[in-house]
2 protein chains.
Amino acid sequence: MYTLAEENYLKAIYKLSLTDDSVSTNQIAAELCTKASSVTDMLRKLADKALVNYARYQGVSLTKAGNKVALNIVRKHRLWEYFLVEKLNFKWDEVHDMAEEMEHISSNELINRLEEFMGYPTRDPHGDPIPDSHGNFRAHDLKPISTMPVNAGGIISGVRDHSAAFLQYLEKQNLVIGRYITVKEIITYDNTVVLQMENKELQISHEVANNLLIAL
Amino acid sequence: MYTLAEENYLKAIYKLSLTDDSVSTNQIAAELCTKASSVTDMLRKLADKALVNYARYQGVSLTKAGNKVALNIVRKHRLWEYFLVEKLNFKWDEVHDMAEEMEHISSNELINRLEEFMGYPTRDPHGDPIPDSHGNFRAHDLKPISTMPVNAGGIISGVRDHSAAFLQYLEKQNLVIGRYITVKEIITYDNTVVLQMENKELQISHEVANNLLIAL
DNA sequence: ATTTAAATTTAGACTTGTCTAAAATTTTTA
DNA sequence: TAAAAATTTTAGACAAGTCTAAATTTAAAT
């Protein structure tokens, strides 16, 4: 149906659209590690196929059709990640690249059966919501720890940074999804956050606090 | 490591090598539904990478390295087919095209874990042997029903034709892997084979008998 | 042993997706 | 608001893989 490149562009635009209303050529180029000129070429093609709204120099957004395609790729990515972690026992920092390939397996029947096989999970191993076969999902209502006031508590429920390095750090500190934490103190000097965990106290940098999400 | 096209060519050459010692350009073109000129181009590239032995006009064969790559693709294909049938409940005539995509997922760690998850199966849903992670497998020792003498019996253990049409026909007649049959009669007029099954008699054409394999 | 036929290869072109370098547009800044 | 800077687009080129048509080589047939 769609080429590998098209799917990757749609997914990138989808991702960038979560934080910005209109997405720029350079943003996409950075996201896909490619050059702005390549992006321009592809945007023209996607616009011809009515998958994006695009006017020269004006940025780009997904059409309804483009959004549907992108969501389906996200759905596949997250279901495969869940499979890799829950069934094949990979760690949450190991699955991204594999899922990046598997999300392009075309069959929807396959992904629906996989979803059923796994019991209709709603979150992937990083806490991100898994769209159902109609593209519906419960949106994140999560906030970074860095926004929490002192004495507030909550359950670790997601990450903003999906890099292996960050995930490995979290694993090591036992900052995993499902864990309850409270903010004990915020050190004003550099916004280091002091967390109270079940049985220990832990200091995390503002950077980390900013990338670790809590359900209040 | 290797492109999609390279992998498909290596797999095709592997498959054709099972029946012929040296494989011709036209055979490959037919197998891949492409043109002879495209094949020639690719053979040069594969020869440059030392994956095939190729001399102009002289046919082609896999090198040791090429064979290893091809076997790994076959391994992945058959493990994914097993997964689709045994875990996701697809029928044996539905899985080929999906596995055709999944065999190109690159991670070997993934396929090894999948193999472990499924309990190290040795045959795919069509009875074809699954190479282990070193490329070793118990070779078929199967013969088509068309070569059996009257009164001989055996267990249905594989197929030569993997087309959905053939597999659906077999399913309908209950000619599935594991079933015991005996040859009751061979009608000399057109080599129709009369099979005795558990509780019924069944006539199959020579064509069918030729594509259905028995372990004696 | 030629000629004919079949198979294979070469030559040149096309598509997809990428790149660099230069031109055009928008945004920022003074 | 006009110059400078940043962004974006265009133009032209390249690599992978494919194709058609023509040329070459091998195999088959008289």
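Remember, predicted model here, so these are calculated numbers, not experimental data. Below, chain A is the first sequence line, B the second, and so on; all start at residue 1. The analysis underlying the following values was restricted to heavy atoms, covering all of them including side chains, and did not include hydrogens, waters or symmetry mates.
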key: Whole-Å distance separating the CG atom of D41(A) from the C1' atom of dA21(C)   = 14 Å

Distance in angstrom units between L46(A) CG and dT9(D) P, rounded = 13 Å

query = What's the closest nucleotide to the S38(A) side chain, out of dT10(C), dC19(C), dT7(D)?
reply = dC19(C)

query = What are the two closest non-hydrogen atoms of S22(A) and Q27(A), and how far apart are they?
reply = O-OE1, 4.1 Å

message = What's A36(B) touching, base or sugar-phosphate or nothing? Going by heavy atoms closer than 4.0 Å.
response = base

key: Short side-chain N/O contact to dT26(C) OP1/OP2 from R56(A), under 4.0 Å   = no

key: Whole-Å distance separating the CG atom of D48(A) from the P atom of dT16(C)   = 11 Å

Y54(B) OH to dA7(C) C1', straight-line distance once rounded to whole Å = 11 Å

note = Taken to the nearest whole Å, NZ/K49(A) to C1'/dT16(C) is 10 Å

message = OP1 or OP2 of dT16(C) versus the side-chain N and O atoms of K45(A): is any pair under 4.0 Å?
response = no

Under 4.0 angstrom between T25(B) side-chain N/O and dT9(C) OP1 or OP2 = yes

ask   = Quick one: is N26(A) getting a side-chain N or O under 4.0 Å of the dA6(D) phosphate, OP1 or OP2?
value = no

message = Salt bridge or not between E100(A) and K11(A)? Use side-chain N to carboxylate O under 4.0 Å.
response = yes

ask   = Is E31(A) paired with K15(A) through a side-chain N to carboxylate O contact shorter than 4.0 Å?
value = yes

ask   = Does the side chain of S37(A) get closer than 4.0 angstrom to OP1 or OP2 of dT10(D) through an N or O atom?
value = no

inquiry  = Check this for me: does the side-chain of Y57(A) come within 3.5 Å of the base of dT7(D) through a donor and an acceptor?
reply    = no

ask   = Quick one: L32(A) CG to dC19(C) P, roughly how many Å, whole number?
value = 10 Å

inquiry  = If you apply the rule salt bridge (charged side-chain N to carboxylate O under 4.0 Å, His left out), what do you find for R75(A) with E115(A), and how did you get there?
reply    = CA-CA 10 Å; R75(A) 166 174 159 79; E115(A) 183 185 32; 2.9 Å; yes

ask   = With nearest nucleotides of DNA chain C determined for Q58(A) and L43(B) from heavy-atom distances, which residue corresponds to the more 5′ nucleotide?
value = L43(B)

key: Residue-phosphate contact under 4.0 Å: T40(B) side-chain N/O, dT9(C) OP1/OP2   = yes

task = Would you mind telling me which of dC19(D), dC19(C), dT18(C) lies closest to the side-chain atoms of Y9(A)?
result = dT18(C)

ask   = F117(B) ring centre to K87(B) NZ or CZ under 6.0 Å, with the angle to the axis within 45°?
value = yes

query = Rounded to whole angstrom units, what separation is found between the CG atom of L4(B) and the P atom of dG17(C)?
reply = 13 Å

